[in-house]
Each structure stands twice: as structure tokens, then as C-alpha cells.
Amino acid sequence: MQKNETGCAPHGSTNEALARTAAPEFWRSLDEFSQNDEFKELMSREFSPGAQELAEGDDRRTFIKVMGASFALAGLAACRRWPESKLVPFAAAQTNRTAGVPVPYATMVETWGVAQPCVAKTFDGRPIKLDGNRLFAGAGASMPATQARVLELYDTDRSRAASRNQSPTTYADFTTWCATQRTTWQADGGKGLAILCDLSASPTLADMQSRMAKAYPNSTWTWWGAANDDASLAGASAVATPDFSKASVILVLDGDPLNDPAMGVKFARDWAQGRKVDNADASKQAMSRLYIAESTLSVTGLSADERFTMRPSEIAVFAAMVAKELGVSGSDALLAGTAASRILDEHAKEVFAELAKDLAKAGSGALVFAGRTADPACHAIAAAINTKLASAAAAYRASSTGTSVTAQLSTLASALDAGSVSTLVILGSNPVYDAPSDLAFAAKMKKAGETVHLSLYANETTALCSWHIPSCHALENWFDGRAWDGSIVLGQPTILPMLNDEQGGRNAVEILAELTGDELKDAYSIVRRTHIAACGLTGVEFEKYWRTNLDVGFVASSATATIAPTPVASAIAAAVTRVTASDVFEVALFFDCKTADGRLANQSWLQELPDPITKITWDNALLVSPKQVTAMGQRNGNKVELTTASGTLVAALWVVPGHADGCGSIALGYGRGAAAGKIAVDAGFNAYTVQTTTNLGSIAVKSVRNTGEIYPFAHTQDHGAIDALDPAVPASGIQERLPALVRSASLATYQHEPDFASHANHVPHSLSLWEESNLAGAKFRWAMSIDLGSCTGCSACVTACQAENNVPVVGKDQVARGREMHWIRVDRYFRGADASKPNGFAVQPIACMHCENAPCEQVCPVAATVHDEQGLNAMVYNRCIGTRYCSNNCPYKVRRFNFFDWNRREPVREGGVFMTKPEYYTSEGPNEWARMQFNPEVTVRMRGVMEKCTFCVQRIQGARIETKNAWAMKGGVEGAPDWAIADGTVQTACQEACPTGAIVFGDLNVKTSEVAAAQKGPRSYGLLDELNTKPRLKYLARVWNPAIEHGADAHDHSHEGHEAHS
Amino acid sequence: MSTLSAHSSLDRDPDDNTVEIPGTRAPLVLHLETFAEVTSTVCRVAEARRAPMAWYVAFALSLSLLGFLGFCVTYLIFTGVGVWGLNNPVMWAFDITNFVFWVGIGHAGTLISAILFLFRQKWRTGINRFAEAMTIFAVICAGLFPGVHVGRVWFAYWLFPIPNQMDMWPQFRSPLLWDVFAVSTYFTVSLVFWYVGMVPDLATLRDRAKGKIQQIGYGLFALGWRGSNRHWHRYERAYLILAALSTPLVLSVHSVVSFDFATSQLPGWHTTIFPPYFVAGAIFSGFAMVLTLAVPARELFGLKDLITLRHLDNMNKVILATGCMVGYAYSMEFFVAWYSGAPFEKFAFVNRAFGQYWWAYWIMVSCNVITPQLFWFKSIRTSIPLMFILSIIVNIGMWFERFVIIVSSLANDFLPSSWDQFTPTWVDIGTMFGAFGLFFTLFLLFCRFLPMIAMAEVKAVMPAADPHHKQSHDHGRAH
């Protein structure tokens, strides 16, 4: 257990201090002599305990402060940003705290009702980065959505004032109002009181829900979130939480488990377990095989070994076909039509036969998984197959919401419509934006007498509510939740609420406490009460229990039991009605990894993150196949209006090779406009307008109309057009290079030729123009290895790097100009000459290669980029004058130039003649928030200088200092063995975030290090190593496991351009 | 006239000295008989109270362009390099294109004044002064771009090896640093060469000046020249030495500029042919620019007798020769790309001709290879309007040559994921045209106030300079 991963780090460290510190020569008391905790606290305070706190009145905040003081040694004293610290200012040097030394705290954030156990790194009371909590199995990584929650905390667009009928008010007014309401509700049992709560599996929230029900038996409770488990519940009566690592054959039906913002970390990690290539004996190498049936191209699809593409409504039919092959009955109704024959072409039929054989052969090693937006029938069939095959990987758990939330919301909508709701309390949800369009929720909501809205932003729903209470951020208050396996996760605040008492800044349990007139008003005591009741411990025993769990961030062995799924027969019948004629254009609706369901739309890191598939930033798009766009008589970028039975959708087209024909697909969660904040203005198209309660995952389109507009997309790859389709670029250029750039081979090839990667290019004997720096004798030789076999292209590394290294956001306009600043990018290629039928996909994360013979260093006229003694290609910002020659000479194009003062500029869309609006952050007011997120260990770059990946040099230096100090403390200066940094001590931000563990970093001098082993393996190769750059970042060639040998493999071995097989 | 017509039965057209008559040397000065006539022809431009109307119009235009340049550069410096259309793969575009373009222009002057001087090409005397002036101004324009294109202009001086408290030297492996030395040396030597050559003529202007200001102004710069024998002796020595110093610079400066590209590893830049190819291209464009300037100047200021058709014809021949060299280099690049078997190299050249910048490539080829071929015809070589148009076309072509080399290579390099395109902004275009404003403003001021023709040197190649010219036809104009 590493210290920095435990959270509440100072816990338990006092005894150590006691042992270390020599007793003073003169002492006033025994306490002073022993330097015990009480004494230290006494000394650190100006007044006697309690005096200060009591003077300020006995409110919730003071209570927390008092708690903070008593927890001072548990690290709580740091849970505030320094300007507000009133108890012990940092100037007064607190015990166990060194200013500028980050402290990690275990905490959590919730996405779609699933808690992510996290570790927040705080600097002087400011959380600056969230990472997965490695102590929790499967959580030691983080998706972009998790990373961006820190940015959300400091979002200057957050709502900052409570309001009553759109005019400002205070939280005190709200509590007064609640008190009045309570008497009415107590009298009538809460008749007409309805709670609409965002998805959460929080035990505390569940407790409050039951207290609510007890206090007001006539009140109603509705869970709502657009990204929910309804499809699973409707199909299997349970939620699938499988373990991909236990499966040897996986079939994914219409979903993107590897890139799910809520569970992707676990799924991707598990999947990668089954894909690890062992260097020991290649001929015995085994590997799981991933099949997917989907209409759009997902991240899971990129990594799949075999893909079936079809229109969304046909996926259920496909599932039924699989079921039939495996002798699983119950879904034959889906096969009755003519659909079965038309969804598979000749090639797909061949692969399908393999799939059926594979699943049958794998038996309990088989797993069928249906995605979040898949048809319930897919879930039903998946559950039936898993049960039939007794899949060891499949696991189902009960949903925290009980029943379908769409049904719950429909019931509430009817109640609202009937006028039977007098008070609607919305806790966190944004139904006006994300409710299915056929509910007409906004109109019905207006019929409620009073509407209370607790939310982080004043959003679409806020505009229609009579009360608005700004919510506190997940990192600002106490909360709890349940991870994917039901384990209880504790969320402790890492900063005091940014809003003051009057402004609000409460969370859902605190509002519920107000509503029920709970004797406890603050989240801390309410959460503790829940856990006291749950664990059955009291007093010191409980404190021990609490402290331990808080320390690690979760309650060990608290996972919920798995249950057997029950396939729901009616799901099949419903799916039959949804299958459309083959000439009907369908649109699949899915959730992408960026805006989640729209709630993270205002996070600039996510908006600027290139979509893993399309590489589009700042927008979603209506994705279609190359064939489809021609069939529609449209062109890439055309803005079209789709009319469906339930509404219209205006969106621009984007062509994706590998997309199914006959349909389109679009990510939900965009098009929120100014309601979401200034970042989200103009970002994408809102697809909720066509979603209905019966068609949650896809919808049939009646007509398509061209609006005559060409929509300008900003994307980071294939500028101008899909390269393969662009007549302006001789296509041979790309396909000829691919085999050498992204090397890959099938498992079969690898088994008989493990060193296939070294045959992909010809490395001539190269001589240097000058004597190369001798790095052989260096103390450290830092290096990185990226396994292309595990990389899914999810881009978690990109956001993690952005968060760690203060990488600026530049805005859509600047991305369109090709000026994105990401230090690591994920290249995505389509294989093959036929754009409409790609032969495969390739993803490749590219960061600075830290070439030993770096082309950039030789051309810099002012020596601003140089090699350091540990083998890093260092960029000296202070020395850089910005000739940009280094970038021109970098064959990997990983250098990024500060064309403007990005950090002094709003990352918003711009246009017009003059390229920068002087919208600089002012030094006063809440805009200071935005600056608080910066990592103080990394320089914020000014305009005119070049920057690039540093291999997280601040982490390397941090580890060096710590290790060397520890060594020196032990008398190492005279001691014989030199100090060394243990392998794994230094982790780069990208490595830390990578869900599949594809990125390995370490010291090549340590022979046993993971990176040394990786680089010694037969699959290791340097990108463009024929240029004699000697990159320190090397790739492990991808080994994949197709069912049928693809043409691509022959292709993999070509030295020079072979014609791609189609 | 009588001296010219007396010597041969194949009588020369007195206005056309381009005809080669065996056994005789064509005159380099027409119509002007005496030194005094030469002096007054050249000096009256500077001495006139008012310049020709066209000068004012041109000056006003140039000055406005210069003002716009000032605006663009100020905006650039205050806002950031992002006001140009540069992006991630294309980190250099118009800035370095303009730099190389202007450095290239700057080649003709020193070539004419130094190399032709050493090779005793006497026809150089008619054009060397303003060709050198053009060089100076072109190098000033060239120097502007690397100066302002860096991200942090206020630290641009770090490019120079100035002792400093940081104990930092520049990085001597960088061709950009070699550029700094090559261009600044070239500029210094060219300036000194130009100025030294001008001293006797400045003295002439001083002696003829009527106003106090002119007397003091010219007097200061004439350095007390009295035309004594000793002065002339020292002057000729100095001039010869400077010519010898400048000669290698003509070849070195553009070779070094080409190293910016040749020593990188970018396909399309990494080419050993670049140094000679760039020098040929520079001379090509430089001569074209001399023509572009000479044609209107000789009309406007009545210098047709000194800058004769023969001068122009000779320059056209140089353009033809260097144009062919450039064409050869273009084809050789393709051959080497194919012959090398290097796939990235091959792609770079195919992409250059048929990729996203195909139009720029074909503009370049038509302007630089096809157009100069017209100069095989004497009628075109001696047609004033045609040569003027062709010289401008050559300059456009040479600008595109640099654009093609820089931008098309950068836009599509090794990893297809990084490929992008460059789209200029109005600031790019503004700085490009603004540089012409700077150039023409300086040039027009030079025309107006300084001796445009090297009077002293021209006089030396006139028949009148030969004490025996009335007695000997054969040697009259040979010395």
C-alpha cells in the first residue's frame, strides 16, 4: 500500500514522529515532552479549543470546522483552500503539513449512479487532479469524464446564488420556506410532494429516501437519469456487471463497454486482462476474442476482433440468430420476418458461423453483453445465452433504482399533468433537457405549484423552477455511493464549498434533511449516521471503522450479491415491432465518453477532447457511412433535418468508414447551448429531441431534408476530409505507411512469428552527423512503452495529461486551425483502400518520443530544447524564443506551440477579423476559480513558446527528491549502495489514467523494470526508427485475435506499399 | 555620333546596342558623349526640385503599404504569432517563404557588383548601383521576417552570440543560427560595398549641391572625397578587396539559407541539391527583380542612355540561364526522390505535384521553367513591355517555389495523422504585401536622393575615358 494512495495520508503518522523526534531538553509538561497530538494542536492554535469556533455561531459550517479541527491529524485541516482557512492559517505552519507538498485524499465522484473510487491530489487545500483509487479493484484508472470533474469544481459558470422565481435569494429563505411547508406536509402526509432525484446508489440517499417515505407517506420519489439501466431492467430484470477477464469469447451487442464513462474503467481493464501478451512462449499464447454487433463505430468496435455492422433495430434480430444457433429459445419471434437474411452479407455470414462455433465451444468462457442503449431484447437474449452457457464471466446485480426510471418519470409526468403535484423537488436531474421528448416534461412541469431545483448550474430545468439552490460539487461535501459491484464508496470533501452559506452549496441529502425536518442538517453527520446504522458499531469501534474506510476510500467486502437474470419475454415482442423495413433510415442514439449524458457539456477538457472515432472536437455529429451519405445525396458536413414520429433533429453529417449502412448514429448530451454555460454554447446537436420512452436507443426517420448549410467541424485528424476519400491527397501515402507505423498481427501469426514487428520496416545503418550524447552511463534512463494490443483509443490519457500538465484549451476555432495543444494524442486510422468497408482499424497514442538522437534539439538556435542527464528531451520554456523549427523537424509532430496566451484567454469560440478577443481573466472575483485548478508543479506556459510531453518530469523529480532524502536520512551519504528509485514509483499521468494499463513507464537502467522487459520483448518497435531518432517511447505491436484471417495480416508484413485487400 | 558611325560600314542603330558586330564592342552608353553629360543625367534626378509625378504616386502607394506592414507587425507582436495562419504541422509558411524570397532577391546586387566586377564585365556599371541598393533593401525585408516570426520577439536577440549573465551561447548546430551569421554578414558587406562604391558619386552630388542641407548631407557621407590620385588609388584597392570578399558571400548566403531545409530530416527539405539550386534560384529571382525595377526607373528618370537595351538583354540572358538551372533542379529532385527508393521522399514529391498544393506547384513550374524559355527569342529579350511582364512572372514563380518547398513538405510529412493544411489569414497577406511597401519605399527614396547610376564607374567604360579613343577604333572602348 503506497502512502500516496491511501488518502488521508497523515493518518497514523504521529507515532512515527514521536519516535523520531528527540525529546526537548526542557519541557513544561509531559505532553510537551512527548510532543503528542493534543499538545501540538494546542500549540498550533491561538485560542483555547472551541473558543474560536463558538464565537462564530453554531451553524453547519462551524460544525464542520470543529470537526475539521478534531480531525486535524487525519488530514481534514487541509480540506480547504488556503485563502479561507480560518482555523490554522498555512502561514502558521501546521503540523504534518508542508506547504506545497500535495496530499492525496480518497474520495469519489458519481457518474450515472455509479461511484468511481478516486484519489484527489490536493495542493494546500486545492484538489487539482482526480485519479482512480488503485486500492479498489478495477478502479485504478480514470475515464476523461472523471478527470474533468476537477474542472467542473472550478467552473466559473457554476451557479452561485439561490434564486426564488428567478430573482436572487438566500439559502436561509429556502430553509424558512421548508419549515412552513413541513407543517403542511406533516398534516397531509406530504400529499402532492414529489421528489425527482438524479441516479445514485448512495446508501445515505437511500436512507433519506426511506426517511422521506416515513415522514411523508403520500409523497412520491422518482429516480431519473438519461443514461440509466432501463434497457437491462426491461430485458433481464437486472444490471449486467460482467467480468470480461473471465471470458474467452465475448459478444457485445450494440454497446460501448470499453468506453463507458461510468463503468468503462472496469470493463476496459478486465478486457485487457484477457488480451495480455506474454513474452514467455509465443506459441502457447492465448487471448480472448471480442465480437461486436453495432451500427455506429464505437471504441469497443475499434478494438473488436470481428465486427458485424447493421441497422440498430436489426441487432436484436442478430442476437436472436445467435440464440438460435446456440439452441436458446424464446427469441424466435424476431426471426420470423425476412430480416435475418438481409443483415449479414457473405463475409459476415462466414464470421457469424465462427461466432456461433466460438460461443458454443467456449461454454462457460463465453459472455454476451448488451450495451446501455441496446434494445431490451438484446439484454434478454444476452441473459438467456449467458444462463444457458453458464457463463463464468457474466454477473448480474439488482438496480439501485428498482424499476425502470423511464417508467418512473412517465408516472411523474402524468401526475404533473393531472395537477396532482403541488411541490416538485428536483435533486440534480435536468429533465427539461434530457427527458424523452414524448413526455413533454417541460410543459407538464409548469403545472406543479412549486418547483425546487438543486443543481450545479442554472440550467434548462432551473429556468422553469420557482426555487433554485446551487448544489455543491462532489468534491466539496460528504457523500457516499456504490461502485459497479455495489461496494460502498465514501466521498469526503477535499475543499470547503466554494459557495458561502447564503449562496447555497448543499447536496441532495442536505436538501432532503431540510424537507423532512431532520435533526441533522449537514451531510457529514447524515452520512455518518447512515454508516453507523449500517455497520452496527458504535463509539470508538465505529470511529476505527470509519477512519479505516475513509482512509482507503471504500468499505471493504461490501459488494452486493449477484442475482440470476430473468429474461423478459415481452422485450422480444416489443423488439419485433421496432424492426423496420430495410429501406427505413434509422438513427441510433448513444452516449459518448465526453459530455456523459450532457451533464459535463460545459467542461472544456471534454469538449476539446477529440472524439476517439471521429476526432471531432466541440461537437457531436450525425454519423453515417460513406455509402449512406452518397445514398442520401448528401455530403460530409451538410446540416440536415431529420423528421421522426416524435420530433425533429437538426444535425450535421459526418462520414465514418465502418459505420453500418442504412442508418445514422448520434451521441446524446450535446446541443445544450448557453443553458449549460459558456463553454457549451453552440457545441453540437441535441438528439434528445427525437428520443422517446419507447425508442430510447434508436429511432426510425421519416424524412431527411438538407438545410443547405455546411456545418464547420473542428477535428484534429483528417483535416478537410476523410483522408481515404480525399482526392487531393494521394491515398497511397497513408495505406502504404500504416503497416510500418501501427504494426499488428493476428494471434496465429504471432504464435509462429513472435518478432513480426521487426520485419515491418527497413532500418538502414545510420550514422550521426555529430557525436551523439552518451546516455549509456546515465543514472536514469527513463522510457515508456505503449502496448497497441491493449490500447482501445479511449483517450483517457489525453485528458489526464491535460489535467496534470496545465495543458490549455484553445477553443473550436483554434482546433479548426490545427492548433490543439494536447501533449498526447491518439491517432486513429482506417485500414484498406475501400473507405466504405475498412479492413480494420488502428489506434496509436503519440506523445513525445524523447528521442536519444532528437531532431528537434539539433535545430533549435537558442538551445531551448536539450537532453538532460536522465535521458529526457527537456523543453526549457524560459529559453524558448519560438522559432518553431523544432516542430518542423519533429517527425512525430508532437510539439505544440503557444500561438496565443492561451491561459489568459477564454476558451470560447471566436471569429471575425481579429483573432483574439481581449476577454482576459480578471484578477478579482470568482474568475480566480479557474486558476485554482492549475497544477503548481507545472509551469503555465506563456505565448510564443513551444511545449510538449515531458514524461511528467515533475513526478520524476518529486520521486527523486523523496527517494534521495529518504536515502540520505538513513545515512546514505556514507552508506555503500547508491540510491535508486523503485520501479513503479514514478507514474506518468497518462499511464495512471490508462484503463487497460497499455502505458508502462520506468527506468531502463533497472533491468527488472516493467518497461525494460517490455522494450526487450519481440513486439517492441520504435516508430519511424529508420530515421535514427532512437526513440525512448516504444510501441508493442498489436496482437489481435480475428476469427478469420483478414487481408490485413498479409498487409501487416509488407515492407513497402502493397495494395490493401478489400 | 560621328565616332560611332565612322568606324564601320555595318552601321549601328544608334538606339540599339544589342546587335553583335564582329570585331567591335557594343557601346555601353548611348548618346551621351561627355562625362559632364553623364554627370548631369544622373545628378539631375537627385537635384530636381520636384520628382516626376509618377514618383509621388508610387511613393504614396509604397508608404501606405509600409504603414499597413507596420500595423500588421504591431498586431502580430502584441497578439501572438497565431494571427498568422500557421498551425501544428505547418509552423512556417508565409514568414519563411517571404524571408527566403527576399534573401533571394538580394542576390543579384552583389553578384552584379562583385562577381561581374571580378570578371571584368563592364556592362555591370550601368546597373550595379541600384542593383546593390535593391540588395540592401531586399535583405532588410528579409531580415524583418525571421525577426518578427519568432514567438517571443523581445528575445530575438538571443539568436546572436552576445555574452550574457546566463552564460548561454546560441546552439551552433542549428542552421537558423548559421542563417543569422550568413545574412548579417552578407548585409554588412553588401552595405559597405555599396557605400564605398558610392563615395565618389556622393562627392559629386556634394560639389554640385546648391542648398545648405544637401551640401551638409552629401558632404557628411562623401567622407571628404576630393578625387585625388591617392583617393582613387585607395578607393580602387578597397573596392577590389570588397568585391573579393563579397564573391563567396553570394554563394554562401543562399547555400546557408538552404541548409535550414537541407539539414532537416523532413521529406522534401532533406535534399543535398538545395545549396546550388537555391543559389541559382536566387540569382534568377534577383535578376528578375533588377529588371522589374530597372525598366520603369530608366523610363521615369531618363536613364535609357545609361541602362541600355543591351543591359536588359544581358540580364534576360542570365534569367534564361538560371531559369534553366532551376528547371533542372526541379526535375532532378523528382529523379532523386524516385531513385532513392525512400517512400516518404517519393510521396513528398508526388504530393507536391498532385497533392493539396498542386496548384502552387504548377504555378511555380509555369512561371520559373516555362516562362523564361521565351527569352530564347531576341525579340522578346529586347521587348521592354514583355520583359517587364516576364520579370514579374518570374518573381511570382520564385515566391511560389519557396512556398511549395516550405508548406507542401510540412503539411504532409511522416505521420498521416498530423497532416493538415495551411490557410493564410489577412495578416499573412498583409505582411507579405507590406514588405513590398517597405522595399519600394526605401527604393524610391534611394532613387530620389542618391546617385542611381555609378557615375564614376560608367565614365570609366565610356570611350571618352580612353585617351586614344579618337585614334584607335579597336581599342577605343576596350579599356
Side-chain angles (χ1 to χ4, degrees), chain A residues 717-720 723 728-730 732-734 736-738 741 769-770 814 817-820 825 827-829 844 846 855 857-863 879-885 887-889 891-893 895-901 913-916 942-946 1023-1024 1027 1056-1057, chain B residues 75 79-92 146 149-156 158-159 166 168-171 173-177 179-180 260 263-266 269 341 343-344 347 350-351 354-356 358 410 412-423 425-427:
Chain A
Q717 207 182 320
D718 328 317
H719 286 267
D723 289 331
V729 180
S732 56
I734 300 172
E736 282 177 5
R737 291 169 195 210
L738 268 189
L741 299 183
L769 206 51
W770 29 67
Q814 297 296 322
R817 286 176 188 278
R819 295 172 180 172
E820 64 278 1
R825 62 172 199 265
D827 289 353
R828 182 270 299 117
Y829 300 104
Q844 185 173 40
I846 306 253
E857 291 171 13
Q858 289 150 19
V859 297
C860 176
V862 292
R879 183 67 187 166
C880 179
I881 64 170
T883 66
R884 309 184 292 285
Y885 198 175
S887 171
N888 288 343
N889 210 29
Y892 311 101
K893 289 288 173 284
R895 294 180 153 262
R896 296 287 179 265
F897 187 66
N898 286 273
F899 283 100
F900 294 114
D901 233 337
V913 176
F914 291 98
M915 232 178 276
T916 46
M942 76 176 303
R943 81 165 160 98
V945 302
M946 195 59 81
L1023 186 62
L1024 297 174
L1027 299 176
E1056 289 179 13
Chain B
Y75 175 48
T79 316
V81 183
V83 302
W84 283 337
L86 304 171
N87 57 26
N88 190 34
V90 190
M91 286 282 180
W92 289 349
H149 99 296
V150 297
R152 302 201 294 170
V153 180
W154 46 99
F155 291 131
W158 286 354
L159 287 165
M166 295 178 283
M168 280 290 296
W169 285 107
Q171 212 269 101
R173 282 176 185 175
S174 171
L176 272 194
L177 190 72
D179 258 8
V180 170
D260 284 351
T263 63
S264 80
Q265 47 72 58
L266 189 76
W269 284 13
F344 295 123
F347 172 81
V350 173
N351 186 53
F354 305 107
Q356 55 177 341
W358 63 270
L410 283 171
N412 303 95
D413 72 333
F414 295 99
L415 301 185
S417 62
S418 307
W419 293 357
D420 204 341
Q421 63 202 25
F422 164 79
T423 316
T425 63
W426 64 267
V427 192

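Since we're looking at a predicted model, the values are computed, not measured. Throughout, protein chains are lettered first and strands after them, A, B, ... in sequence-line order, and every chain is numbered starting at 1.
- Using a 4.5 Å cut-off between heavy atoms, A/Glu857 touches chain B through its backbone atoms (N, CA, C, O) alone.
- Residues A/Arg737 and B/Phe344 meet the side-chain proximity criterion, which asks for heavy atoms closer than 4.5 Å.
- Contact check for A/Arg825 versus B/Ser418: side-chain heavy atoms found under the 4.5 Å cut-off.
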Subject >> Test log, rule side chain to side chain contact (heavy atoms under 4.5 Å, CB included), inputs A/Tyr829 and B/Leu415 >> reply: CA-CA 11 Å; A/Tyr829 300 104; B/Leu415 301 185; 4.3 Å; yes

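- Per-residue counts of heavy-atom pairs under 4.5 Å with chain A were compared for B/Leu266, B/Asp413, B/Thr263; the largest is that of B/Asp413.
- Chain A forms more heavy-atom pairs under 4.5 Å with one residue of B/Thr423, B/Leu410, B/Leu177, B/Val90 than with any other, namely B/Leu410.
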**OP:** Determine, stepwise, if the pair A/Phe899 / B/Trp84 fulfils ring-ring contact (aromatic ring centres under 6.0 Å, His included).
**Re:** CA-CA 9 Å; A/Phe899 283 100; B/Trp84 283 337; 9.9 Å; no

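- In this structure, the portion of A/Leu741 lying under 4.5 Å from any heavy atom of chain B is its side chain and not its backbone.
- Heavy atoms of A/Pro855 lying under 4.5 Å from chain B belong exclusively to its side chain.
- For the options A/Gly882, A/Cys880, A/Gly944, A/Pro891, heavy-atom pairs under 4.5 Å to chain B are most numerous at A/Pro891.
- Nearest heavy atoms, B/Arg152 versus A/Val945: NE-CG1, 3.5 Å.
- Most heavy-atom pairs under 4.5 Å with chain B: of the set A/Leu1023, A/Asn898, A/Thr883, A/Asn889, this distinction falls to A/Asn889.
- The minimum heavy-atom distance between B/Met166 and A/Arg879, with the atom names listed, is CE-NH1, 3.6 Å.
- Between B/Val81 and A/Arg884 the shortest side-chain heavy-atom distance falls below 4.5 Å.
- No side-chain heavy atom of B/Gln265 sits under 4.5 Å from any side-chain heavy atom of A/Leu1024.
- Annotation: side chain of A/Phe900 is in contact with side chain of B/Val83 (closest heavy-atom distance under 4.5 Å).
- Counting heavy atoms from C-beta on, the side chains of A/Asn888 and B/Trp269 come closer than 4.5 Å.
- With hydrogens and angles disregarded, a donor-acceptor distance shorter than 3.5 Å links the side chain of B/Asn87 to the backbone of A/Arg817.
- Residues B/Asn88 and A/Ser887 are in side-chain contact: their nearest non-hydrogen atoms beyond the backbone lie under 4.5 Å apart.
- With hydrogens and angles disregarded, no donor-acceptor distance shorter than 3.5 Å links the side chain of B/Trp169 to the backbone of A/Ala863.
- With a 4.5 Å cut-off on non-hydrogen atoms, B/Asp179 does not touch chain A at all.
- Between chain B and the residues A/Ile881, A/Asp827, A/Ile846, A/Val862, the most heavy-atom pairs under 4.5 angstrom are made by A/Ile881.
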